[in-house]
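These numbers come from the heavy atoms of this one structure, side chains and all, not from hydrogens, waters or symmetry mates. In what follows, chains carry the letters A, B, and so on, assigned in the order in which the sequence lines appear, proteins first and then strands, with residues in each chain numbered from 1.
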Protein chains: 2
Amino acid sequence: MLTRSEEDHIKAVYALLQEGESAFTKDIAERLRTKASSVTDMLKKLSGKSLLKHEPYYGAKLTAKGQAIALQLVRRHRLWETFLVERLGFGWDEVHEVAEQMEHVANEKLIDKLDEYLGHPHFDPHGDPIPDKQGKLRTRKTKRLNTCKPGESVRIAAVSETTDGLLRLLDAKGLRIGTTLSVQDVHAFDGSMDIKPQRGSAFSLSKDVIHHLQVENA
Amino acid sequence: MLTRSEEDHIKAVYALLQEGESAFTKDIAERLRTKASSVTDMLKKLSGKSLLKHEPYYGAKLTAKGQAIALQLVRRHRLWETFLVERLGFGWDEVHEVAEQMEHVANEKLIDKLDEYLGHPHFDPHGDPIPDKQGKLRTRKTKRLNTCKPGESVRIAAVSETTDGLLRLLDAKGLRIGTTLSVQDVHAFDGSMDIKPQRGSAFSLSKDVIHHLQVENA
DNA sequence: AAAATAAATTAGGGACGCCTAAAAAACGAT
DNA sequence: ATCGTTTTTTAGGCGTCCCTAATTTATTTT
């Protein structure tokens, strides 16, 4: 049985690796709003439990056991988010904090029943894949919108839920998961991009926004 | 913001008082499977936060503030139990432990939305009243089955969920919330009672069982 | 290569929540 | 009224998880 803090650290390592970054002590600390020395302690503890391997200055890697735990946590988090949005009527920008608490409720039957109740969803309200009971993720070939060229036509596949204010901005602009749009122009000066949704007129998105949108070919 | 342990102690005091018992240090400890000295510490802490008053050998009483918190916890617990049984298909004997964890997820909007989703239920799967947002409990005039006399006709109103094995026994005998039955005979020797459900034939219930059944006049 | 910078760890300490053992306080029985 | 029992508190300690400050280790700059 893991403590809440242990689970949080495993999830932080998983999330960093998932984003293609290394899981350095200082990055884990920043993500968890704690201090590097605290993370050192915890990495030592989790190493002792064979949940991860840690080499200073090279970052932490999860063991198979640690990976499995991280995937269960992600599964719980995303299932609860789906429940909150689809059943309780929460906005997609309101659910992260709540799910952050609910994911620590440890009961296998609960999650299996919830999964079944929701119809075994493969993606959460932000477009992120939900691991199945075995920890398997459905993969898609997505890329970040900022890597697209003028003329490309793409569909919004997923959105970073942790970036404050992004979801409300997208709401305001009428952009959501599944929205199809074409890239019109890219401005080197500020990295902004002009896009045109399938229905509606064209407008511009800042570098910060297009960097956080995952899209797939339409 | 209260810690989980603080919340558990407040709920234990509330539960004991609700059952008509005094909330003595040792009883709280027993309920929380902890030691009397630990409870003393916590009572001191909660006194300092003005959530309860504690006089040694006279038991603890909740302040208005403590009472309000206890009622919110009970509300969360019973709403989650209702959700687990009515929506996720859990058995009424399986939900206590899970709800015990879920009740500590602190988010007012979550509970309000859940309440609405469930149709503002007044009673949980064990027949216990669910406090509304203001902490108000629907009251009924119930009595324990063991206080009933032969000839009385009553309906099962509520059942102690914390008594291990009781719910499964009732399931096996076909007794549930709302079942109407008549008292046939009471045996002084072992305190057992012969009852007859409205539909079905008569059988006997032990002293231990009838002591834990709350009934109302049919 | 040495110096400056950045990252990580160690050392030591505090709050919390729990424990055991011992002391104190109240109660009950004779 | 006193003795023994029960209840409660106090005293002291332990593990967890966090912190700051100091130190070590690695990397980058000059």
Check: Taking NZ from B:Lys26 and C1' from D:dT9, how many angstroms apart are they, rounded to a whole number?
Finding: 16 Å

Next item on the list: To the nearest Å, give me how far apart CD (B:Glu55) and C1' (C:dA25) are.
Entry: 14 Å

Notebook entry, point to check: Atom CD of A:Glu30 to atom C1' of C:dA8: distance rounded to whole Å?
Noted result: 15 Å

Notebook entry, point to check: Above 12 or not: heavy atoms from other molecules or residues under 6.0 Å from NZ of B:Lys53?
Noted result: no

Notebook entry, point to check: Among the nucleotides C:dA8, C:dA24, C:dC18, which one has an atom lying closest to any side-chain atom of B:Ser38?
Noted result: C:dC18

Notebook entry, point to check: Does atom CG of A:Asp190 have more than 12 heavy-atom neighbours from other groups under 6.0 Å away?
Noted result: yes

Next item on the list: Report yes if a side-chain nitrogen or oxygen of A:His54 is closer than 4.0 Å to either non-bridging phosphate oxygen (OP1 or OP2) of C:dA8; otherwise report no.
Entry: no

Check: According to a strict under-4.0 Å criterion, is A:Ser5 in side-chain N/O contact with OP1 or OP2 of D:dT16?
Finding: no

Checklist line | Length of the NE2-P vector between A:His104 and D:dC17, whole Å | finding: 13 Å

Next item on the list: Kindly say if B:His9 contacts the phosphate of C:dG17, meaning a side-chain N or O under 4.0 Å from OP1 or OP2.
Entry: no

Check: Could one point to a donor on the side chain of A:Thr3 or the base of D:dT16 with an acceptor on the other under 3.5 Å away?
Finding: no

Item checked: Candidate nucleotides D:dT10, D:dC18, C:dT9, ranked by approach to the side chain of A:Asp41 - the nearest -> D:dC18

Notebook entry, point to check: Any donor-acceptor pair under 3.5 Å joining the side chain of A:Tyr57 to the base of D:dT25?
Noted result: yes

Note to self: Starting the side chain at C-beta, find the nucleotide from C:dC18, C:dC16, D:dT9 nearest to B:Lys45.
What the structure shows: C:dC16

Check: Could you state the CZ-C1' distance from B:Phe24 to C:dA25, rounded to the nearest angstrom?
Finding: 14 Å

Note to self: Around atom NZ of A:Lys207, are there more than 12 heavy atoms from other residues, nucleotides or ligands closer than 6.0 Å?
What the structure shows: no

Next item on the list: Would you kindly give the CG-to-C1' distance between B:Asp8 and C:dC18, to the nearest whole Å?
Entry: 13 Å

Check: Can B:Glu21 and B:Leu17 be said to form a side-chain contact (heavy atoms from CB on, under 4.5 Å), step by step?
Finding: CA-CA 5 Å; B:Glu21 325 251 339; B:Leu17 296 176; over 6 Å; no

Item checked: Among C:dC19, D:dT8, C:dT10, the one nearest B:Ser37 by side-chain distance -> C:dC19

Item checked: Integer-rounded Å distance: C:dC16 P and B:Lys44 NZ -> 14 Å

Item checked: Nucleotide nearest B:Thr40 (side chain, heavy atoms from C-beta), chosen from C:dC19, D:dC18, D:dT10 -> D:dT10

Check: Touch check for A:Thr34, heavy atoms < 4.0 angstrom, all strands: base, sugar-phosphate only, or nothing?
Finding: sugar-phosphate

Item checked: Residues, nucleotides or ligands: over 12 heavy atoms within 6.0 Å of A:Glu152 CD -> yes

Margin query: Taking NZ in B:Lys35 as the centre, count heavy atoms belonging to other residues, nucleotides or ligands within less than 6.0 Å. Is the count above 12?
Written below: no

Notebook entry, point to check: If you check every side-chain atom of A:Met42, which of C:dT9, C:dC19, D:dC17 has the closest atom?
Noted result: D:dC17

Check: Nearest of D:dT20, D:dT9, C:dC16 to any side-chain atom of A:Lys35?
Finding: D:dT20

Next item on the list: Mind calculating the distance between CD1 (B:Ile28) and C1' (D:dT8) to the nearest angstrom?
Entry: 12 Å

